[in-house]
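Step one of this worksheet: look at the structure below.
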Amino acid sequence: LDTFIAAVYEHPVLRPKATETPVSRDDALLHMNKNIDILERAIQQAAAQGAQIIVTPEDALYGWKFTRETIFPYLEDIQDPRVAWIPCQDPHRFGDTPVQARLSCLAKNNSIYVLANIGDKKPCNSHKSTCPPNGYYQYNTNVVYDAKGQLVARYHKYNLYSEPQFDAPENPELVTFNTAFGKFGIFTCFDILFHDPAVTLVKDLQVDTILFPTAWINVLPLLTAIEFHSAWAMGMRVNLLAANIHHVQQNMTGSGIYAPDSPKIFHYDMKTSEGKLLLWELNSHPRNSPDYPAAVDWSAYATTIKPFPVQKNTFSGFMSRDEFNFTELFENAGNLSVCHKDLCCHLSYRMLRKGNEVYVLGAFTGLHGRRRREYWQVCTMLKCKTTNVTTCGQPVETALTRFDVFSLSGTFRTKYVFPEVLLTKVKLSPGKFEVLKDGRLVNKN
Amino acid sequence: GLSEPILTVSLFGRWYTKDSPSSSGGIRNLE
């Protein structure tokens, strides 16, 4: 199939009451089935609208606040897909697996591929030093059932984030599966910030589409779900189906269907407690499509031009825990450069009307934040929270200033650069900007 | 030009080879 209809569902998860002690297996099943009841309606709606595949979010059956002990009743033993198993047809072949049987039946009864995120448990030899005290490894796991209900993929999340209830596999798992509408890869939430398995799936295994369940907490100005996930899809030049949890109390919203050339459809809702189903028709093999973007040499432009004047009053400011160098956009239009260590960022711009707002150009290169695990290189033009430049880098959700020209580039030392454009009220701007082959991020026309 | 006011325009680069060695998820859970 040259195209397929993809669906993602932003799920307002019903979270269990926090408990110190594990609930019974029956209570855990009761709770998971309440969430599956909601997912079932979304799956039925998606199938009725012709979707061939649907992604549901990470932690969608039970939420995230657990200890190793309290998550245990929610876990099931999930088989390797090589056993060729249709849980809906053969629910007792591998013990007590009612959740897997029900999810498999949802896929089979609606003739649609379903990705769900559930918990896996694997017994281990307690003499082995890495075997946890209860004798089980516990994994944050994605499962995919095909349109006949067969288990075709199982992925154990590798880059965990504050998940004491789960273990990470010893090595990253490169999980793909083939369909009549392209080759799919899978990873989860925090994985998207790292090379393995995320980049390897695209670069080496050449998947067409990534299935991405997430429970993403939005962090402005750079790491809000719709902004970063759509930018990752553009930077990696791959389809990305992102299904997020909907939980506004913890700033969790932001799902979308993103293609290499631009975001196709997205959802961001901090006002209601409603779920949201998104569908879009995508290219099964985006690399073969005429609008597949050319490869970008991200530093080509920035390393060949003579740097623009670096203004005297460059100043430093923090974005969460990262110290940026900033320079203010004083004039309505201009060319600016600002550097941080060996990263220099260049901006040409023209504002339509300079309101009473302050914008800065910022540069940062270094190990990020408190974790100091990931090495970031960031060039950003952003609105400061107030006209006081000490607020530059703080989260801002609205703006008044329009730009009829911008062109941003940087002397990046990495080829993995993700282009972000975020508009007032936290919206994307599909089709309104592009990345040129020499690495400039420019507004269209 | 862009139809609506801008919050941020960014180029977000990840230099994976310079990540800190302890950055393999298999070892520990991020706080």
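Values in this document were obtained by computation on a predicted structure and should not be read as measured data.
- Options Leu343(A), Leu222(A), Val417(A), Leu441(A) differ in how many heavy-atom pairs under 4.5 Å they form with chain B, and the most are formed by Val417(A).
- Within 6.0 Å of CZ on Arg68(A) lie more than 12 heavy atoms contributed by other residues, nucleotides or ligands.
- Taking a cutoff of 4.0 Å between a charged side-chain nitrogen and a carboxylate oxygen, Arg402(A) and Glu4(B) do not qualify as a salt bridge.
- Within the 4.5 Å cutoff, no side-chain heavy atoms of Pro5(B) are placed close to those of Thr401(A).
- Atoms OG1 and NZ, from Thr414(A) and Lys18(B) in turn, are 11.0 Å apart once rounded to the nearest 0.5 Å.
- Considering only heavy atoms from C-beta on, Trp15(B) stays 4.5 Å or farther from Trp376(A) through its side chain.
- The choice from Val199(A), Leu400(A), Leu361(A), Thr365(A) that makes the most heavy-atom pairs within less than 4.5 Å of chain B is Leu400(A).
- Your options are Glu227(A), Lys427(A), Met381(A), and the one with the most heavy-atom pairs under 4.5 Å with chain B is Met381(A).
- When each of Leu382(A), Thr380(A), Leu408(A), Leu347(A) is tested with Val9(B) by the rule side-chain contact (heavy atoms from CB on, under 4.5 Å), just one qualifies, namely Leu408(A).
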Between Leu423(A) and Ile6(B), is the side chain to side chain contact (heavy atoms under 4.5 Å, CB included) condition met? List the steps. CA-CA 4 Å; Leu423(A) 303 182; Ile6(B) 286 180; 4.0 Å; yes
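- At most 12 non-hydrogen atoms from other residues, nucleotides or ligands lie less than 6.0 angstrom from CG of Asn356(A).
- Contact of Thr398(A) with chain B is made through the backbone alone, with heavy-atom distances under 4.5 Å.
- Seen from the ring of Phe194(A), Arg14(B) counts as a face-on cation partner, given the 6.0 Å and 45° thresholds.
- Contact of Phe228(A) with chain B is made through the side chain alone, with heavy-atom distances under 4.5 Å.
- Atom NZ of Lys65(A) has 12 or fewer neighbouring heavy atoms from other residues, nucleotides or ligands inside a 6.0 Å radius.
- Other residues, nucleotides and ligands contribute more than 12 heavy atoms inside 6.0 Å of the NZ atom of Lys341(A).
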Can Phe412(A) and Leu11(B) be said to form a side chain to side chain contact (heavy atoms under 4.5 Å, CB included), step by step? CA-CA 9 Å; Phe412(A) 293 97; Leu11(B) 288 169; 3.5 Å; yes
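- In the displayed structure, Glu357(A) atom CD is contacted under 6.0 Å by more than 12 heavy atoms of other residues, nucleotides or ligands.
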Stepwise ring-ring contact (aromatic ring centres under 6.0 Å, His included) check, Tyr416(A) with Tyr16(B): CA-CA 8 Å; Tyr416(A) 298 105; Tyr16(B) 299 110; 5.3 Å; yes
Begin from the C-alpha positions of Arg373(A) and Ser20(B) and carry the test side chain to side chain contact (heavy atoms under 4.5 Å, CB included) through to its verdict. CA-CA 5 Å; Arg373(A) 268 176 76 186; Ser20(B) 68; 4.0 Å; yes
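- Between Leu7(B) atom CG and Glu420(A) atom CD the span is 11.5 Å, to the nearest 0.5 Å.
- Here the side chains of Thr17(B) and His195(A) are not in contact, with every heavy-atom distance at 4.5 Å or above.
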